[in-house]
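Following: one structure in structure tokens, then a few remarks.
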Amino acid sequence: MNAPIRNYDIAELRRQDVAHHLPAQADHRLIAEMGGSRIITRAEGCVIHDGDGNAILDGMAGLWCVNVGYGRQELAQAAYDQMLELPYYNTFFKTASPPPIELATKVAGLMGGHLSHVFFNSSGSEANDTIFRLVRHYWKLKGQPSRKIFIGRWNGYHGSTVAGVSLGGMKAMHAQGDLPIPGIEHVMQPYLFGDAFGEDPARFAARAAQAIEDRILQVGPENVAAFIGEPVQGAGGVIIPPDGYWPAVEAICRKYGILLICDEVICGFGRLGQWFGHQHYGVKPDLIAMAKGLSSGYLPISAVGVADHIVAELREKGGDFVHGYTYSGHPTCAAVAIRNLEIMEREKLVERTREDTGPYLAKAFADRLAGHPLVGEARSLGLLGAVEIVAEKGTNRRFGGEEGKAGPVVRDLCIKNGLMVRGIRDTIVCCPPLIISHAQIDELVDILKRSLDEAMPILKAL
Ligand SMILES: *Cc1c(COP(=O)(O)O)cnc(C)c1O
């Protein structure tokens with residue numbers, strides 16, 4: 001919060017952005033036509049500022065990650081102190097530094113139960129790559145080398161590396177790079193509103209879980225290594241599965257001895273009102289991918305939580321697990337993550353999300369958005385929310401006869417009106433910092449509502 005406000009030459013930065021920089025997940029022609037990206041120069045709390053002088057409420061916590069909000073001096077201090085003492089050391093040479101050991105101990109305490117070890121990486125994608133290699137290695141050690149197949153879900157998101165894209169179910173990503181790699185299967189997602197509108201939720205939950213069992217039987221249980229899923233799909237459009245889905249999925253995994261992987265990269269660290277999303281659903285994964293909220297995005301770090309029975313196998317059989325990254329267990333990143341978790345504990349951000357702000361957001365959605373003529377559904381869990389835009393109230397019919405036309409219109413209006421949200425197809429999603437206040441939640445809902453009103457004539461003309 002005490003950072004000096006620097007005077008940037010925004011026009012020159014935008015010119016250089018086009019001349020030399022390729023932003024991530026972007027249409028590079030579009031960015032060039034726009035004359036460069038919107039330049040975000042600073043932020044504090046839940047508010048980001050762009051170079052044109054706009055203050056924007058950050059309804060996305062950066063990219064689902066800045067859980068403790070911006071401008072935390074003590075996180076900067078933790079990085080500063082660690083950099084002076086030991087900025088970097090590796091964990092390859094039978095060595096480790098204090099921060100990753102302390103962080104592993106802390107995360108193990110939060111996972112609880114049968115998960116007491118973690119393996120560090122730098123990103124969520126890398127965490128899933130680690131899981132991919134670890135799981136296949138595990139089954140070989142177990143003497144069941146035929147167990148190679150991973151089952152994921154259509155529209156799941158597990159990152160942008162080769163294994164991440166392959167495990168994920170984003171068809172547009174598969175189309176680039178000839179993915180998925182062999183040995184990965186995808187089944188239906190538990191998206192009641194989009195894919196099974198009007199179906200009884202309990203029936204749908206059972207049907208969506210059954211799709212996993214059907215696939216296991218089709219490819220042969222002896223060939224299946226693991227099932228992977230996000231407790232709530234984030235990038236897929238904040239798809240909150242109906243009650244009963246996750247326990248049914250867990251039971252199917254147990255029935256066939258298949259490992260259960262929860263990708264907690266968004267749901268972890270308080271987002272759903274528990275430390276981890278699987279705790280909300282009452283299931284026990286064998287492996288957990290976590291990233292984003294682990295350091296609130298202040299530095300890149302991710303981790304894989306590994307169940308005791310898998311660790312026991314690694315230790316009993318011995319031999320190198322020939323996997324790891326230069327930055328596995330990075331001391332500075334780990335030091336910042338430790339302090340970040342301390343802030344979350346001290347400010348009770350998990351409890352606050354569960355008991356206060358999460359229910360407040362849900363009520364604001366129900367009272368002030370659900371009745372809007374363009375809103376087909378306004379759903380949330382903890383501080384993860386989604387608003388479905390529909391052409392006809394009481395249906396899931398989309399504007400312009402296909403998905404993806406209305407979302408960008410409403411999203412752009414929200415940003416113009418001072419709220420950063422994301423449009424995923426025709427679903428506007430939000431994921432604000434966990435420090436968001438009631439007043440800021442009201443503001444978020446106000447801007448959404450106003451933007452929907454303003455969008456009405458544009459959408460009707462689609
Ligand atoms: C963001 C995300 C990832 C990928 O994390 P990166 O740090 O971008 O590699 C993986 N899984 C889920 C659920 C995510 O939301």
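All ligand and atom numbering here is 1-based and tracks the order in the structure.
Counted by atom type alone, Ser116 and Asp308 present one or more donor-acceptor pairs between their side chains at under 3.5 Å. Checked by atom type, the side-chain pair Gln218/Asp214 shows no donor-acceptor distance below 3.5 Å.
Sorted by first and then second residue, the ring-ring contact (aromatic ring centres under 6.0 Å, His included) pairs with a member in residues 328-365 read Tyr88-His330, Tyr327-His330, Tyr360-His438; sequence neighbours excluded. Residue pairs meeting the side-chain hydrogen bond (donor to acceptor under 3.5 Å, both in side chains) criterion with at least one partner in residues 420-435, sequence neighbours excluded, are Glu388-Thr427.
For Arg133, the side chain to side chain contact (heavy atoms under 4.5 Å, CB included) partners two or more places apart in sequence, or in a different chain, are Phe321, Val322, His323.
Between Phe276 and Phe269, the distance from one ring center to the other falls under 6.0 angstrom.
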Check each N or O atom of ligand 1 against all protein N or O atoms and list the pairs under 3.5 Å, with atom names and distances to 0.1 Å, one per line.
{"residue": "ligand 1", "atom": "5 (O)", "partner": "Gly124", "partner atom": "N", "Å": "3.4"}
{"residue": "ligand 1", "atom": "5 (O)", "partner": "Ser125", "partner atom": "N", "Å": "3.4"}
{"residue": "ligand 1", "atom": "7 (O)", "partner": "Gly124", "partner atom": "N", "Å": "2.9"}
{"residue": "ligand 1", "atom": "9 (O)", "partner": "Gly124", "partner atom": "N", "Å": "3.4"}
{"residue": "ligand 1", "atom": "9 (O)", "partner": "Ser125", "partner atom": "N", "Å": "2.7"}
{"residue": "ligand 1", "atom": "9 (O)", "partner": "Ser125", "partner atom": "OG", "Å": "2.5"}
{"residue": "ligand 1", "atom": "11 (N)", "partner": "Tyr157", "partner atom": "O", "Å": "3.4"}
{"residue": "ligand 1", "atom": "11 (N)", "partner": "Asp263", "partner atom": "OD1", "Å": "3.3"}
{"residue": "ligand 1", "atom": "11 (N)", "partner": "Asp263", "partner atom": "OD2", "Å": "2.7"}
{"residue": "ligand 1", "atom": "15 (O)", "partner": "Lys292", "partner atom": "NZ", "Å": "2.7"}

